[in-house]
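Only one structure is covered here, and it is reproduced in the block below.
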Amino acid sequence: MRLVTYTLNDGPNRLGAQIDDEHIVDLAALADRSGVQLPLDLLSFIQAGASAQGAAQRLLADDPTGWPSDAVHRLGDVSLRAPLRPGKIIGVGLNYVEHVEESSRSLDTDKELPPRPVLFSKPATAVTGPGQPILHNADLTSQLDWECELAVVIGRTAFRVSEDDALGHVFGYSIVNDISARDQRRSGQWFFSKGQDSYAPFGPAVVTADAVPDPMALDLSLRVNGVTKQKSNTRHMLFPIARLIADISSGVTLEPGDVIATGSPAGVGAGMVPPEFLTPGDTVEATVEGVGTLTNPVIDAR
């Protein structure tokens with residue numbers, strides 16, 4: 001399933017399933033017609049577990065000619081929002097070999113490959129949705145940068161899980177653009193550099209794990225104003241998804257709806273010669289194969 005959070009005519013957030021390139025169906029409305037109850041939002045849907053997912057899949061497998069007309073919307077008639085507000089966003093730094101090299105050259109990080117995942121956090125207030133602005137505050141940064149990343153959405157509580165069991169705790173996959181103010185790193189700490197409001201564009205959908213045959217073989221790319229800046233594949237991760245979940249859960253409980261941003265490939269603005277950074281008026285498009293494209297404009301926040 002390809003799940004989205006949307007609004008219609010500026011109404012409340014609703015949970016939908018995108019059924020083709022042009023249409024979404026409201027899952028709660030579809031369920032109500034069949035006498036089934038489903039949560040109204042994606043976080044509650046994830047927390048409801050396999051029973052909710054199974055019920056939704058059965059509803060979507062029914063003959064669509066019997067669906068109520070007010071449950072189906074054209075994609076162009078709705079506004080997509082961030083899929084959910086995670087309890088935790090855990091970022092992974094330096095998780096692609098070529099990005100380790102460019103970061104050591106341009107950001108003064110260690111040139112040696114990290115022996116364990118490099119972790120940091122973003123607050124939920126950093127989340128913004130598809131089409132929503134990335135805020136450029138010139139009082140705080142002149143080095144606003146991009147990072148296209150595969151996002152892993154946790155579906156089952158994970159604590160001290162093994163690598164063999166790790167992927168069984170994944171609900172699905174999405175995209176996070178790990179926006180970073182490179183000149184706001186503080187004594188090596190990244191929280192303010194990466195955690196300001198709007199610095200976690202997220203979406204446009206969450207694709208359930210059963211619809212992604214191999215998350216470690218997905219092309220990903222990023223464009224600024226139509227020009228490709230990043231292009232890679234998740235197979236080049238230094239630490240694959242299962243290792244990340246096992247490492248994080250060795251000391252931190254991962255809960256349903258938590259998000260792991262799995263790291264950026266090479267091609268960030270700081271690594272360009274000369275460096276390139278985002279400015280108001282730019283448009284950033286982050287794409288992950290099978291998930292979609294997350295597009296955000298950059299605006300002046302002052």
Side-chain angles (χ1 to χ4, degrees), residues 46 83-84 86-104 107 109-122 147-178 180 188-191 194-195 200 202 206-222 230-268 286-291:
I46 295 171
L84 56 91
K88 296 187 286 295
I89 306 169
I90 299 174
V92 183
L94 307 174
N95 199 31
Y96 286 73
V97 173
E98 290 182 354
H99 183 52
V100 173
E101 187 280 326
E102 74 173 355
S103 294
S104 68
L107 296 170
T109 55
D110 198 322
K111 66 180 180 180
E112 302 299 327
L113 297 180
R116 295 186 64 184
V118 176
L119 306 175
F120 60 93
S121 65
K122 284 178 176 271
E147 294 187 6
C148 176
E149 308 195 4
L150 175 68
V152 175
V153 181
I154 297 298
R156 292 172 47 220
T157 299
F159 183 65
R160 295 181 180 172
V161 301
S162 67
E163 289 187 47
D164 288 342
D165 294 335
L167 293 184
H169 293 262
V170 174
F171 175 82
Y173 301 93
S174 189
I175 304 168
V176 165
N177 189 350
D178 178 17
S180 309
Q189 297 299 309
W190 297 352
F191 181 79
K194 291 176 172 286
F202 176 35
V206 174
V207 178
T208 53
D210 61 301
V212 182
D214 186 357
M216 295 306 305
L218 302 176
D219 288 334
L220 66 168
S221 62
L222 182 138
Q230 293 184 286
K231 190 174 181 62
S232 190
N233 188 285
T234 55
R235 67 174 175 268
H236 298 304
M237 284 186 195
L238 181 59
F239 302 106
I241 293 165
R243 173 73 183 278
L244 294 176
I245 293 172
D247 183 78
I248 295 166
S249 72
S250 68
V252 175
T253 299
L254 291 170
E255 299 175 312
D258 286 349
V259 170
I260 302 171
T262 57
S264 169
V268 301
T287 298
V288 173
E289 180 185 0
V291 176

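Every heavy atom of this structure was used, including side-chain atoms; hydrogens, water molecules and symmetry mates were not. All figures in this text were calculated on a predicted structure; none of them were measured in a lab. FYI, the numbering just counts along the sequence from 1.
Here the side chains of H236 and V97 are not in contact, with every heavy-atom distance at 4.5 Å or above. Side-chain atoms of L254 and T157, non-hydrogen and from C-beta on, never get closer than 4.5 Å to each other. Looking at W190 and L119, their side chains never come closer than 4.5 Å, going by heavy atoms from C-beta outward. Side-chain atoms of V92 and L244, non-hydrogen and from C-beta on, do get closer than 4.5 Å to each other. Residues F202 and P86 meet the side-chain proximity criterion, which asks for heavy atoms closer than 4.5 Å. Using a 4.5 Å cut-off on side-chain heavy atoms (C-beta onward), S232 and Y96 make contact. Side-chain contact between I248 and F159: absent, with no pair of heavy atoms (C-beta onward) separated by less than 4.5 Å. Inter-residue side-chain proximity for I90 and V259 is flagged as unmet; no heavy-atom pair is nearer than 4.5 Å.
Pairs engaging residues 212-221 under the side chain to side chain donor-acceptor pair (under 3.5 Å) rule: D219-N233, S221-R223 [sequence neighbours left out]. A salt bridge (charged side-chain N to carboxylate O under 4.0 Å, His left out) check over residues 241-257, counting only residues at least two apart or in different chains, returns the pairs K88-E255, R116-D247. Here salt bridge (charged side-chain N to carboxylate O under 4.0 Å, His left out) pairs that include residues 159-175, with residues two or more places apart or in two chains, number zero.
Contact detail for I46 and P256: the closest heavy-atom pair is CG2-CB, 3.9 Å. Considering all non-hydrogen atoms of both residues, V268 and Q230 come closest at CG1-NE2, 3.9 Å.
D178 contributes no side-chain N or O that, together with a main-chain N or O of E147, makes up a donor-acceptor pair within less than 3.5 Å. Counting only distance, with no hydrogens or angles, the side chain of R156 and the backbone of G168 share a donor-acceptor pair below 3.5 Å. Put simply, the side chain of T234 gets close to the backbone of P215: a donor and an acceptor are under 3.5 Å apart. Side-chain N or O atoms of T262 include one that pairs as donor or acceptor with a backbone N or O of L150 at under 3.5 Å.
For the side chain to side chain contact (heavy atoms under 4.5 Å, CB included) test, residues two or more places apart in sequence or in another chain that qualify with V170 are V152, L167, Y173, A209, I245. Contacts of F191 classified as side chain to side chain contact (heavy atoms under 4.5 Å, CB included), with partners at least two apart in sequence or in another chain: S121, P123. Applying the ring-ring contact (aromatic ring centres under 6.0 Å, His included) rule to F239 yields no partners; only residues at least two apart in sequence or on another chain are considered.
Separation of atoms OG (S249) and CG (D258) is listed at 11.5 Å; rounding is to 0.5 Å.
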Verify side chain to side chain contact (heavy atoms under 4.5 Å, CB included) between T287 and L222, making sure each step is shown before the conclusion. CA-CA 6 Å; T287 298; L222 182 138; over 6 Å; no
